[in-house]
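All residue numbers refer to positions in the sequence shown, counting from 1.
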Amino acid sequence: MATVKLKNVTKRFDNGVVAVNGFNLDIEDREFIILVGPSGCGKTTTLRMIAGLEEITEGEIYIGDKLVNDVQPKDRDIAMVFQSYALYPHMTVFDNMAFGLKLRKFSKEDIRKRVHEAAKILEIEHLLDRKPRALSGGQKQRVALGRAIVREPKVFLLDEPLSNLDAKLRVQMRTELTRLFQKLQTTFIYVTHDQVEAMTMGTRIVVLKDGIIQQVDAPQVLYERPNNMFVAGFIGTPPMNFIDATIERRGDEIHLLFGSHDIKLPEGKAKKLDAAEHDGRKVVIGIRPEDIHDEAMYIESMPDSLVNAEVSVVEALGAETLLYVTVDGIDVVARVNPRTKARVGDKIKMAFDANKIHLFDKETEVTIIN
């Protein structure tokens, strides 16, 4: 088992592109850490630098207490699972899983024991005699995981391992990977662009943008207390709604003005702001879809945060309904009760739960209050 530390790690390619910039992260032993962000944000490059497959430009990487900047990938005691399964088509499942151990001159008995133990954990014992062409996508992914498990590495590195699977199988494999992590009790570093995978699997999530860490926190903390608009918009499905507004002070009250609307901040939120300092300030309101309501009970209980909306799309999803509406020409999405009576073209009143409003600085996009 091992900790992993990255100190001021930077990767600059020959063409001048900086893929990772000043990356600092301490990963605890037996932690499931997830690197998440849009394509090109530097997450796979970071993983490859930890693996030793990509040379770092600046900084230091430690696995355990050992500086590994100049250590060969095979000597780092890590195992990597790639997006492509990379199985040898002419070998059986058993031989694919055993191949790395044979190269390392393990005894036949030890190889047999390790392969069967890994196959049992992954529930693929009945597939050991098959060749990859006879396997489904999910089975191939299990074999790729098994090939990593048999090595009993200190750290598992997983680079978008579920991206080639269909939607239903991805959900199943997410659960199985979480179970696997709990069984193996080792360190997992997992790369994905899918924030649902990140939210459901990670003990902590590292949100990356343009090679720079935006926030590192537990999934629920990221969701409830994002550091900036990028994190707020990236984490959550559908994403957070953003509305440009102006702060107006009226005595002890603070109001948010946009279009024809005026929302009064609750006392608890208002106290977080220095009213005099923020009066007239341009801000961005952030509110999640589940915090916008069309039911009468909310309309009646939230008179200070009502908006007029026109329904443009209704997506009935069974357990919930998504209403896509326009408010003063601004597109807003709300997650509402599936029994909503709202229909396309309806003009309705909706209540913003002002206790759940986030405010961001218009210029810097940094969070003012959560």
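Although no hydrogens or angles enter the test, the distance criterion places no donor-acceptor pair under 3.5 Å between the side chain of Arg151 and the main chain of Leu101. Judged by distance alone, with hydrogens and angles left aside, the side-chain atoms of Glu152 form no donor-acceptor pair with the main-chain N or O of Ile149 at under 3.5 Å. Looking only at distances, a side-chain donor or acceptor of Thr367 sits under 3.5 Å from a matching main-chain atom of Pro226. The main-chain N or O of Val333 is found under 3.5 Å from a side-chain atom of Asn241 such that the two form a donor-acceptor pair. With Thr192 contributing its side chain and Val36 its backbone, the two residues share no donor-acceptor pair below 3.5 Å. Using a distance-only test at 3.5 Å, with no hydrogens or angles considered, a donor-acceptor pair links the side chain of Gln139 to the main chain of Ser136. Panel note: side chain Asp77, backbone Pro153; no donor-acceptor pair is recorded below 3.5 Å. The closest donor-acceptor contact from the side chain of Asn8 to the backbone of Gly22 lies at 3.5 Å or more, if one exists at all. In this structure a side-chain-to-backbone donor-acceptor pair under 3.5 Å is present from Thr187 to Arg30. A donor-acceptor pair under 3.5 Å is formed between the side chain of Gln214 and the backbone N or O of Ile212.
Hydrophobic clustering (side-chain heavy atoms under 4.5 Å, transitive across Ile, Leu, Val, Met, Phe, Trp, Tyr) groups Ile368 together with Ile285. Cluster membership for Val155 and Ile33, using ILVMFWY side-chain heavy atoms within less than 4.5 angstrom, is shared. No continuous path of hydrophobic side-chain contacts links Val216 to Tyr190 [ILVMFWY only; heavy atoms under 4.5 Å]. Both Leu273 and Ile287 are assigned to one and the same hydrophobic cluster, defined by single-linkage of ILVMFWY side chains at heavy-atom distances under 4.5 Å.
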Mind listing the side-chain donor-acceptor pairs of residues 111-129 below 3.5 Å, one per line with the distance, residues two or more places apart or on another chain?
from, atom 1, to, atom 2, distance (Å)
Arg112, NH2, Glu109, OE2, 3.2
Arg114, NH1, Val150, O, 2.8

Name every donor-acceptor pair, under 3.5 Å, that has one atom in a side chain of residues 334-360 and the other anywhere in the protein, sequence neighbours excluded.
from, atom 1, to, atom 2, distance (Å)
Arg335, NE, Glu320, OE1, 2.9
Arg335, NE, Glu320, OE2, 3.3
Arg335, NH1, Glu290, OE1, 3.0
Arg335, NH2, Thr237, O, 2.4
Asn337, OD1, Arg339, N, 2.8
Thr340, OG1, Asp294, OD2, 2.5
Thr340, OG1, Ala342, N, 3.2
Arg343, NH1, Thr340, O, 3.4
Asp346, OD2, Arg343, N, 2.8
Lys349, NZ, Asn308, OD1, 2.8
Asp353, OD1, Asn355, N, 3.1
His358, ND1, Asn370, OD1, 2.7

Between side-chain atoms of residues 64-71 and protein atoms elsewhere (two or more places apart, or another chain), which donor-acceptor pairs fall under 3.5 Å?
from, atom 1, to, atom 2, distance (Å)
Asn69, OD1, Ile61, N, 2.9
Asn69, ND2, Gly59, O, 2.8

Yes or no on side-chain contact (heavy atoms from CB on, under 4.5 Å) for Leu222 and Gln215, after CA distance, side-chain angles and deciding distance?
CA-CA 8 Å; Leu222 283 178; Gln215 190 169 352; 3.4 Å; yes

Derivation of the side-chain contact (heavy atoms from CB on, under 4.5 Å) call for Ile189 and Leu158
CA-CA 6 Å; Ile189 306 174; Leu158 301 101; over 6 Å; no

For Arg142 and Leu135, what are the C-alpha separation, side-chain angles and deciding distance, and is it a side-chain contact (heavy atoms from CB on, under 4.5 Å)?
CA-CA 10 Å; Arg142 284 191 184 90; Leu135 304 178; over 6 Å; no

Salt bridge (charged side-chain N to carboxylate O under 4.0 Å, His left out) evaluation trace for Arg281 with Asp361
CA-CA 8 Å; Arg281 184 175 181 177; Asp361 183 88; 2.6 Å; yes

Start with the C-alpha distance between Val314 and Leu323, add both sets of side-chain angles, then the distance that settles side-chain contact (heavy atoms from CB on, under 4.5 Å), and finish with yes or no.
CA-CA 5 Å; Val314 178; Leu323 293 184; 3.8 Å; yes

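Summarising the hydrophobic clusters (Ile, Leu, Val, Met, Phe, Trp, Tyr; side-chain heavy atoms under 4.5 Å, direct or chained), the residues clustered with Tyr298 are Met297, Met302. Hydrophobic clustering, defined by side-chain heavy atoms of Ile, Leu, Val, Met, Phe, Trp and Tyr closer than 4.5 Å, groups Tyr88 together with Met91, Phe99, Leu103. In the hydrophobic clustering, where aliphatic and aromatic side chains (Ile, Leu, Val, Met, Phe, Trp, Tyr) are joined below 4.5 Å either directly or transitively, Leu306 groups with Ile299.
Contacts classified as salt bridge (Lys or Arg N to Asp or Glu O under 4.0 Å) and involving residues 43-60 (residues at least two apart or in different chains) are given here: Lys11-Glu54, Arg12-Glu58, Arg48-Glu54. Within the structure, every pair that satisfies the side chain to side chain donor-acceptor pair (under 3.5 Å) test and touches residues 201-211, not counting sequence neighbours, is listed here: Glu31-Arg204.
Between Leu322 and Pro238, the closest heavy-atom pair is CD1-CG, 3.8 Å. Of all heavy-atom pairs between Val81 and Ala148, the closest is CG2-CB, 3.8 Å. Of all non-hydrogen atoms in Pro132 and Leu87, the two that sit nearest each other are CG-CB, 4.0 Å. Looking at every heavy atom in both residues, Met229 comes nearest to Phe242 through O-CZ, 3.6 Å. Nearest heavy atom pair, residue Pro73 against residue Leu53, reads CG-CD2, 4.2 Å. Residues Met97 and Arg147 approach most closely at CG-N, 4.0 Å, considering heavy atoms.
For NZ of Lys74, the number of neighbouring non-hydrogen atoms (other residues, nucleotides, ligands) closer than 6.0 Å is 12 at most. Atom CG of Asn15 is surrounded by more than 12 heavy atoms from other residues, nucleotides or ligands within 6.0 Å. Counting non-hydrogen atoms of neighbouring residues, nucleotides and ligands closer than 6.0 angstrom, the CZ atom of Arg179 reaches no more than 12 such neighbours.
From Arg133, atom CZ reaches atom NZ of Lys140 across 10.5 Å, with rounding to the nearest 0.5 Å. Put simply, CE on Met240 and CG on Asp291 are 8.5 Å apart, with the number rounded to the nearest 0.5 Å. One finds the CD1 atom of Ile50 at 7.5 Å from the CD1 atom of Ile63 (value rounded to the nearest 0.5 Å). Atom NE2 of His193 is separated from atom CG of Leu35 by 14.0 Å, given to the nearest 0.5 angstrom. With values rounded to the nearest 0.5 angstrom, Leu47 atom CG is found 4.5 Å from Leu157 atom CG. How far CG of Asp331 is from CD1 of Ile243: 10.5 Å, rounded to the nearest 0.5 Å.
Checked against ring-ring contact (aromatic ring centres under 6.0 Å, His included), His261 has the following partners two or more places apart in sequence or in another chain: Phe258. In this view, Phe82 satisfies the ring-ring contact (aromatic ring centres under 6.0 Å, His included) rule with no residue, not counting sequence neighbours. With sequence neighbours excluded, the residues satisfying ring-ring contact (aromatic ring centres under 6.0 Å, His included) with Phe230 are Phe234. Applying the ring-ring contact (aromatic ring centres under 6.0 Å, His included) criterion to Phe181, with sequence neighbours excluded, gives Phe32, Phe188.
Residues Ile205 and Asp217 are not in side-chain contact: their nearest non-hydrogen atoms beyond the backbone lie 4.5 Å or more apart.
Looking at Asp194 and Arg170, a side-chain N of the basic residue comes within less than 4.0 Å of a carboxylate O on the acidic one, giving a salt bridge.
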